[in-house]
Amino acid sequence: MDNCIFCKIRDEIINSKKYYEDDDFFVIADISPKAKKHYLMIPKNHYKLLEDQIENDIKVLGKMLNTLPKISKQLGIEGGYRIIINQGENGGQEVPHLHIHVLGGEKLKNF
Ligand code: AMP
Ligand code: ZN
């Protein structure tokens, strides 16, 4: 996707430290953190919504969740965390490339 910031970070057209990367997804710090620790897990395939998944990405999403406990430890997130996937306009999605927010490093407010 030509004008997608996360595709550009994936392709290293824009620099952003990748805290984790494999063939399927990568992890960066959110540029505007909403908690003491705020990371984004981003599948390498570009699609906006869960329903738009390409190449059976549900396996990638499963792998992301399965790898998250290990990655969160590596990132020094202790005592739990919150994950959020904003979907579409009502969900407050700003970047149209699916991503999982990982928030932690402090006691988060309840919804
Ligand atoms: P969402 O509203 O769920 O689409 O979340 C998009 C997130 O991407 C926001 O929390 C932004 O702060 C974050 N973001 C936007 N541009 C960048 C960037 N260049 N590097 C890291 N995070 C970014
Ligand atoms: Zn993209």
Side-chain angles (χ1 to χ4, degrees):
M1 203 23 107
D2 283 351
N3 226 356
C4 171
I5 191 119
F6 291 166
C7 285
K8 285 182 178 164
I9 290 171
R10 176 197 63 205
D11 297 339
E12 294 178 358
I13 295 163
I14 292 175
N15 276 335
S16 180
K17 179 179 160 87
K18 293 187 177 114
Y19 290 84
Y20 175 90
E21 182 173 19
D22 65 23
D23 288 345
D24 298 313
F25 73 97
F26 58 98
V27 176
I28 60 172
D30 197 292
I31 204 167
S32 172
K34 313 297 187 301
K36 279 196 180 149
K37 297 198 176 219
H38 185 174
Y39 293 92
L40 302 171
M41 302 183 91
I42 307 172
K44 288 193 169 175
N45 283 333
H46 177 99
Y47 56 93
K48 179 179 178 185
L49 303 171
L50 287 166
E51 69 216 55
D52 302 331
Q53 279 172 65
I54 57 171
E55 292 180 22
N56 202 9
D57 243 49
I58 192 70
K59 286 185 190 145
V60 172
L61 295 172
K63 180 178 150 186
M64 287 162 75
L65 293 178
N66 201 37
T67 318
L68 181 52
K70 185 181 92 184
I71 293 174
S72 66
K73 279 196 192 94
Q74 283 171 1
L75 294 170
I77 300 174
E78 287 168 1
Y81 49 83
R82 180 175 297 160
I83 57 177
I84 295 172
I85 305 178
N86 293 326
Q87 290 282 271
E89 197 178 342
N90 280 2
Q93 185 175 10
E94 287 169 8
V95 177
H97 181 137
L98 193 121
H99 49 282
I100 303 177
H101 293 262
V102 182
L103 299 134
E106 63 181 313
K107 175 91 174 150
L108 301 171
K109 286 195 192 109
N110 288 331
F111 287 120

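Whatever order the structure lists them in is the order used to number ligands and atoms, beginning at 1.
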Backbone or side chain, does any N or O of [X] fall under 3.5 Å from an N or O of ligand 1?
X	value
Ser16	no
Ile31	yes
Ile9	no
Ile28	no
His38	no
Gln93	no

Which residues pass the salt bridge (Lys or Arg N to Asp or Glu O under 4.0 Å) test with Asp22, sequence neighbours left out? Lys63
I'd like to know whether ligand 1 has Pro33 as a neighbour, heavy-atom separation below 4.0 Å.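 The answer is no: ligand 1 sits nowhere under 4.0 Å from a heavy atom of Pro33.
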Near the Zn ion (ligand 2), which protein N/O/S atoms are found at less than 2.8 Å?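 N, O, S partners closer than 2.8 Å: Cys4 SG, Cys7 SG, His46 ND1, His97 ND1.
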Students often mix this up, so state it plainly: with edges at 30° and 60°, are the rings of His101 and His38 parallel, tilted or perpendicular? tilted
Between Ile14 and ligand 1, find which residue part has any heavy-atom pair under 4.0 Å and reply side chain, backbone, both or neither.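 None of Ile14 does.
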Answer side chain, backbone, both or neither: which part of Tyr39 comes under 4.0 Å from ligand 1, heavy atoms only.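 The answer is neither.
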Run the numbers on Asp52 and Leu98 for side-chain contact (heavy atoms from CB on, under 4.5 Å), then give the verdict. CA-CA 9 Å; Asp52 302 331; Leu98 193 121; over 6 Å; no
Do you know the tightest heavy-atom contact between Met41 and Val27? CG-CG2, 4.0 Å
Would a line drawn from the ring center of Phe25 to the ring center of Tyr20 be shorter than 6.0 Å? yes
Give the residue, atom name and distance (to 0.1 Å) of the protein heavy atom nearest [atom].
atom	value
atom 12 (O) of ligand 1	Asp30 OD1, 2.5 Å
atom 6 (C) of ligand 1	His99 NE2, 3.5 Å
atom 2 (O) of ligand 1	Gly92 O, 3.0 Å

With no hydrogens and no angle check, is any side-chain donor or acceptor of His97 less than 3.5 Å from a backbone partner on Pro43?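 Yes; at least one donor-acceptor contact below 3.5 Å.
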Does any pair with a residue in residues 34-51 pass salt bridge (Lys or Arg N to Asp or Glu O under 4.0 Å), and if so which ones, sequence neighbours excluded? Glu21-Lys44
Could you pull out all donor-acceptor pairs under 3.5 Å where a side-chain atom in residues 79-91 meets a protein atom, sequence neighbours excluded?
residue, atom, partner, partner atom, Å
Arg82, NH1, Lys109, O, 3.1
Arg82, NH2, Lys109, O, 2.9
Gln87, OE1, Leu50, N, 2.9

